[in-house]
Amino acid sequence: MATDAFLKKKWERVFYTFFDTNRNKVIDWNDFELLFEKIKELRGPDSNEYRIVSEAMGIVWDGLLSGAQGTVKKDDAEVSIDDWNRIWSRFDPKQMPIWQWEYLKYMFFLIDTSGDKLIDKTEFTEVMQIFGMSEADAAISFDKIAVDDKGEAIEKIDYGQFADLWRDYFSSTDPNRPGSWLFGPW
């Protein structure tokens, strides 16, 4: 079965924006080490965010390698864009593997810079800019995702709402779903 082009575009945005940090067109352990350094530099080596990324990303890496189902050899230890798309094509929002939960948790706590367990527009915009999104695109994206069940604007997003947006981002083929904007415009 062919993968929806819109879904693929969203998945690839996450691959290139948040994972391929060394810009070599594959995900390797070096990408994770660069991320660790970036978080340590931004938040400090004793920060909650640094502790969370250090713990979570080993689980994420192992999950990516096992999710590639034999297409990635441990010796190579790289995940290509084709491997990545294959992994997400099997995404089940009702039964996410532990590595996806760990990545979701890491992203929530990374964006929640105040530590109040809520994400506001300022936090979202600042963190997305660190990963190369323009301030305008981040602000537009926040306005699209920060809505309640009735479509009314809200000021902050809690963890449960973030998890719902996450599931939509990786599974919805509808560009009008709020979750489709979680990691910016496509």
Side-chain angles (χ1 to χ4, degrees), residues 3-23 25 27 31-32 34-35 38-39 41-43 47-49 52-53 56-57 60 64 81 84-85 87-89 91-94 96 99-186:
T3 301
D4 180 84
F6 177 62
L7 269 177
K8 194 172 175 183
K9 192 177 210 181
K10 292 190 300 179
W11 299 338
E12 290 179 2
R13 178 174 182 74
V14 171
F15 179 94
Y16 291 114
T17 303
F18 299 101
F19 277 89
D20 183 21
T21 56
N22 64 9
R23 306 292 182 241
K25 300 194 183 329
I27 301 170
D31 291 307
F32 288 80
L34 290 171
L35 181 63
K38 183 183 272 192
I39 302 303
E41 188 179 302
L42 291 169
R43 303 288 172 78
S47 68
N48 233 10
E49 294 83 4
I52 289 169
V53 74
M57 295 315 264
V60 171
L64 284 172
I81 191 65
W84 176 262
N85 286 332
I87 291 165
W88 287 105
S89 71
F91 178 70
D92 180 351
K94 295 178 181 142
M96 290 174 26
W99 75 266
Q100 290 172 359
W101 280 110
E102 287 295 321
Y103 188 60
L104 183 159
K105 177 178 75 172
Y106 152 73
M107 286 301 292
F108 180 83
F109 286 109
L110 178 68
I111 299 169
D112 175 25
T113 59
S114 69
D116 65 354
K117 298 185 177 44
L118 297 168
I119 297 172
D120 64 30
K121 190 173 193 171
T122 300
E123 292 171 321
F124 184 85
T125 302
E126 287 174 357
V127 171
M128 291 302 138
Q129 285 180 278
I130 291 166
F131 287 97
M133 191 183 301
S134 74
E135 183 176 1
D137 282 348
I140 289 166
S141 296
F142 186 83
D143 290 342
K144 298 272 190 183
I145 65 173
V147 294
D148 63 18
D149 293 340
K150 296 178 182 129
E152 299 294 322
I154 56 176
E155 290 187 24
K156 297 183 178 192
I157 299 167
D158 66 25
Y159 184 81
Q161 292 162 320
F162 188 82
D164 289 342
L165 293 164
W166 180 279
R167 286 187 284 268
D168 268 359
Y169 185 87
F170 289 103
S171 65
S172 177
T173 58
D174 182 354
N176 296 312
R177 297 279 306 163
S180 290
W181 290 83
L182 183 59
F183 296 115
W186 350 270

Problem set entry | Test side chain to side chain contact (heavy atoms under 4.5 Å, CB included) applied to Phe162 and Ile119, step by step | CA-CA 9 Å; Phe162 188 82; Ile119 297 172; 3.8 Å; yes
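- Residues Ser141 and Met133 come closest through the heavy atom pair OG-SD, 4.4 Å.
- With a 4.5 Å cut-off on side-chain heavy atoms, Ile87 and Leu64 count as touching.
- Crowding of Lys38 atom NZ: a count of heavy atoms from other residues, nucleotides or ligands under 6.0 Å exceeding 12.
- In this structure the side chain of Phe170 never reaches within 4.5 angstrom of the side chain of Gln100, judged on heavy atoms.
- Minimum interatomic distance between Thr17 and Phe131 (heavy atoms only, all atoms of both residues): CG2-O, 3.5 Å.
- Checked against salt bridge (charged side-chain N to carboxylate O under 4.0 Å, His left out), Asp20 has no partners two or more places apart in sequence or in another chain.
- Asp31 places a side-chain N or O within donor-acceptor distance of the main-chain N or O of Asn22, the cut-off being under 3.5 Å.
- Once rounded to the nearest 0.5 Å, the distance linking CG of Asp137 with CZ of Phe142 reads 15.5 Å.
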Problem set entry | Stepwise side chain to side chain contact (heavy atoms under 4.5 Å, CB included) check, Phe32 with Val60 | CA-CA 10 Å; Phe32 288 80; Val60 171; 4.2 Å; yes
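- Across Ser172 and Lys10, no two heavy atoms sit closer than the pair O-NZ, 2.8 Å.
- Annotation: Asp149, atom CG; neighbour count of heavy atoms from other residues, nucleotides and ligands within 6.0 Å does not exceed 12.
- Here the shortest heavy-atom pairing between Leu110 and Arg43 reads O-NH2, 2.8 Å.
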Problem set entry | From CA spacing to verdict: side chain to side chain contact (heavy atoms under 4.5 Å, CB included), Ile145, Gln161 | CA-CA 9 Å; Ile145 65 173; Gln161 292 162 320; over 6 Å; no
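- Between Asp112 and Glu123, some side-chain heavy-atom pair lies under the 4.5 Å cut-off.
- With Lys144 contributing its side chain and Ser180 its backbone, the two residues share no donor-acceptor pair below 3.5 Å.
- Of all the heavy atoms in Ile27 and Phe19, the pair that sits closest is CD1-CB, 3.5 Å.
- At most 12 heavy atoms of other shown residues, nucleotides or ligands fall within 6.0 angstrom of atom CD in Glu135.
- Between Trp88 and Val14, every side-chain heavy-atom pair lies at or beyond the 4.5 Å cut-off.
- Just one of Tyr103, Trp181, Tyr159 meets the ring-ring contact (aromatic ring centres under 6.0 Å, His included) condition when paired with Trp166; it is Tyr103.
- The closest donor-acceptor contact from the side chain of Asp148 to the backbone of Glu152 lies under 3.5 Å.
- Using modelled atom types, no side-chain atom of Arg13 and backbone atom of Phe18 make a donor-acceptor pair closer than 3.5 Å.
- Looking only at side-chain heavy atoms (C-beta outward), Leu104 and Met96 come within less than 4.5 Å of each other.
- Side-chain contact between Asp168 and Asp164 is absent, with no heavy-atom pair separated by less than 4.5 Å.
- Checked against the 6.0 Å centroid threshold, Trp11 and Phe15 do not count as a close aromatic pair.
- Nearest heavy atoms, Tyr106 versus Ala56: CB-CB, 4.3 Å.
- The structure places OG1 of Thr113 at 8.5 Å from CD1 of Ile130, a figure rounded to the nearest 0.5 Å.
- The pair Lys9-Glu12 does not count as a salt bridge, with every side-chain nitrogen at least 4.0 angstrom from each carboxylate oxygen.
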